[in-house]
Amino acid sequence: MLGFVADTVIMFTSQLLFFIFGYLFFMLQLFSNYEIHQRAVQVLFAVTFTMSCSMFELIIFEILGVMDLSSRLFHWKLNLYFALILLIVVLPLYMSYIVLNSLRILKKPGLTALFCFSSWIVYFYFFWRLGDPFPLMNPKQGIFCIEQMISRVGVIGVTLMAILSGFGAVNCPYTYMDHFARNVSPLDVNNLEKRMLQTLEMIANKKRKLLVEERKGTNQQKKDEGWWSKLTSSLRTNETVAQLCDEIASMEELSRQLYLEIVDMNSMRERLAMSKTLLGRYFNFTGHIFSGYLAYKIFMCTVNIVFDRVGKKDPISRGLEISADWLGFKFDAQFWAQHLSFIIVGVIIVCSIRGLLINLIKWFYAVSSTKSSNLLVLFLAQIMGMYFVSCVLLMRMNLPPEYRVIITEVLGDIHFNFYHRWFDVIFLVSAVVTIGVLYVTHQTSPHKFTSPSH
């Protein structure tokens, strides 16, 4: 009993630290430029982040043997159940409440609650139907078992993970390698800036003409003339005004494109300058490594899809077997499996959390506004929770068999192999589409891409 209490204190203390970190990240990084009045939104984001990190912490505890076996099993179930309630019930309900409350159609609290519940029923119906096309779990399982929820959350999360992984695996070498940089001279930037200034002057002249025409039309309406004369002059004025408005709109669009091109060219000049530094050479070397990884990953995903293959052993055990059998090394396999598992899983966890938080910041600043910020952060919290639950599903294969027993028991009787095959399919599609988009962008750029001279 004392051991369970001590283990619970350890878990709750670490969860408090995760909550504080998530709350500070929310306030200082994600919403530093926005004023959020709803404290519930802040708390829900931090709680979702806490539950997600707690599951990663329990994976580390499985490897290191921290806490009793029964305590780990209890906290695994507690965290997973709580995370599923957040993702499937609490967050969708509160999002529907925010939408209805912002529309200000329903003034009575009772009607608002009824419509919130009705919208959640619709959401849950589509969420449930999502799992119908996929072989997610054993058909003998009941409707109200936890596997039904985990399997559907896993499909969404694994799809998101695969899309981000495919995009990142292609975009990283494209961004880091000098080969894809283009030569931009100061003269190119100056010419583009002059063109933008000319465009802005033309827009100002067109707007002055527009004001003159609008005043002319107003003055003609006030003159004591016949109705036919007023009609013809009004039609001519309206036609001129419409033409000027179209010209102004097209020129403003041109000015926006020129501005973006100037920003892109200045960024490219900074990239070229950095490529000559030690850090730039490091990024270039890293880009070559990632390009090799991309080629290997695309090849292995294709092989796995074509031959319907899923790895039977985790990479750590396979690597130790190769070292022992083929290279003739003698060592304590269990000792090294534990320590290597701890290191590799720790790196995966840190990279996953860091990568997702960076993407959350980018997405938020790209599409958020003062009106949609509350709704958007709840949506990002839901995506974050599904992403981390799916990380646990896929990370299970990276663990030696002795460390995945509790994880398998908690997640239930679901088809783990399906998620690995699904990840391969979506990763391959995402990578190929990203390659195609970057190739088209590369070829259609106003300035041809060339390797910079060092």
Side-chain angles (χ1 to χ4, degrees), residues 1-25 43-90 145-147 149-150 153-154 157 314 316-317 332 334-354 356 381 384-414 416:
M1 184 64 182
L2 291 177
F4 177 79
V5 173
D7 295 340
T8 303
V9 170
I10 293 175
M11 281 300 304
F12 286 166
T13 303
S14 61
Q15 287 175 345
L16 178 61
L17 296 176
F18 292 144
F19 180 86
I20 293 173
F21 178 81
Y23 190 85
L24 291 176
F25 171 79
V43 172
L44 284 174
F45 181 89
V47 169
T48 306
F49 180 81
T50 301
M51 293 298 103
S52 303
C53 292
S54 296
M55 287 187 286
F56 283 152
E57 180 186 32
L58 286 169
I59 293 178
I60 297 296
F61 285 176
E62 288 294 323
I63 298 172
L64 299 180
V66 178
M67 301 197 310
D68 294 336
L69 183 65
S70 59
S71 298
R72 293 202 303 269
L73 180 61
F74 171 79
H75 286 288
W76 261 115
K77 291 183 177 181
L78 179 64
N79 279 273
L80 190 59
Y81 290 173
F82 196 84
L84 291 176
I85 292 172
L86 271 176
L87 298 175
I88 301 174
V89 180
V90 178
C145 62
I146 189 174
E147 288 88 345
M149 305 298 120
I150 296 175
V153 169
D314 62 283
I316 300 170
S317 299
D332 188 346
Q334 184 174 2
F335 172 82
W336 284 106
Q338 180 183 16
H339 286 76
L340 290 175
S341 298
F342 171 73
I343 294 172
I344 293 176
V345 171
V347 171
I348 293 174
I349 289 172
V350 171
C351 292
S352 297
I353 295 175
R354 178 182 177 274
L356 185 66
M384 176 178 64
M386 292 183 176
Y387 179 94
F388 286 140
V389 170
S390 303
C391 282
V392 174
L393 278 173
L394 295 181
M395 203 179 296
R396 172 185 168 276
M397 186 61 71
N398 293 319
L399 297 173
E402 58 269 22
Y403 300 132
R404 63 173 82 158
V405 176
I406 290 184
I407 300 176
T408 304
E409 180 180 351
V410 171
L411 294 178
D413 189 12
I414 60 178
F416 293 100

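Worth knowing before you read on, the calculation uses all heavy atoms, side chains too, and leaves out hydrogens, waters and symmetry mates. Index from 1, following the sequence.
- In summary, the aromatic rings of Phe56 and Phe388 are positioned with their centroids under 6.0 Å apart.
- Summarising the geometry, atom NZ belonging to Lys77 is positioned 13.5 Å from atom CG belonging to Leu58; distances are rounded to the nearest 0.5 Å.
- Ile59 contributes atom CD1, which lies 4.5 Å from atom CD1 of Ile407 (distance to the nearest 0.5 angstrom).
- Nearest heavy atom pair, residue Ala46 against residue Tyr23, reads CB-N, 3.9 Å.
- No side-chain heavy atom of Leu78 sits under 4.5 Å from any side-chain heavy atom of Met11.
- A distance below 6.0 Å separates the ring centres of Phe49 and Phe21.
- In plain terms, the two heavy atoms of Asp68 and Asp7 that are nearest each other are N-OD2, 3.2 Å.
- Between the side chains of Ser14 and Glu57, at least one donor N or O lies within less than 3.5 Å of an accepting N or O.
- Relative ring orientation between His75 and Phe4 is described as parallel, the plane-to-plane angle staying below 30° on a 0-90° scale split at 30° and 60°.
- A 4.5 Å side-chain heavy-atom check between Met149 and Leu87 finds every atom pair outside the cut-off.
- Each of Thr50, Thr48, Val90, Val47 was evaluated against Phe82; a single residue qualifies, Val47, per the side-chain contact (heavy atoms from CB on, under 4.5 Å) test.
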Handout entry: Trace of the side chain to side chain contact (heavy atoms under 4.5 Å, CB included) decision for Leu80 with Met51
Key = CA-CA 8 Å; Leu80 190 59; Met51 293 298 103; over 6 Å; no
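- In this structure, Gln15 and Asn79 have side chains that are in contact, with non-hydrogen atoms separated by less than 4.5 Å.
- The shortest heavy-atom contact between Ser52 and Gly385 is OG-CA, 3.8 Å.
- Of the possible polar contacts, none joining the Arg72 side chain to the Ile406 backbone as a donor-acceptor pair under 3.5 Å is found.
- Using a 4.5 Å cut-off on side-chain heavy atoms (C-beta onward), Trp76 and Val392 make contact.
- Contact detail for Phe61 and Met67: the closest heavy-atom pair is CD1-CE, 3.9 Å.
- Atom CZ of Phe19 has more than 12 neighbouring heavy atoms from other residues, nucleotides or ligands inside a 6.0 Å radius.
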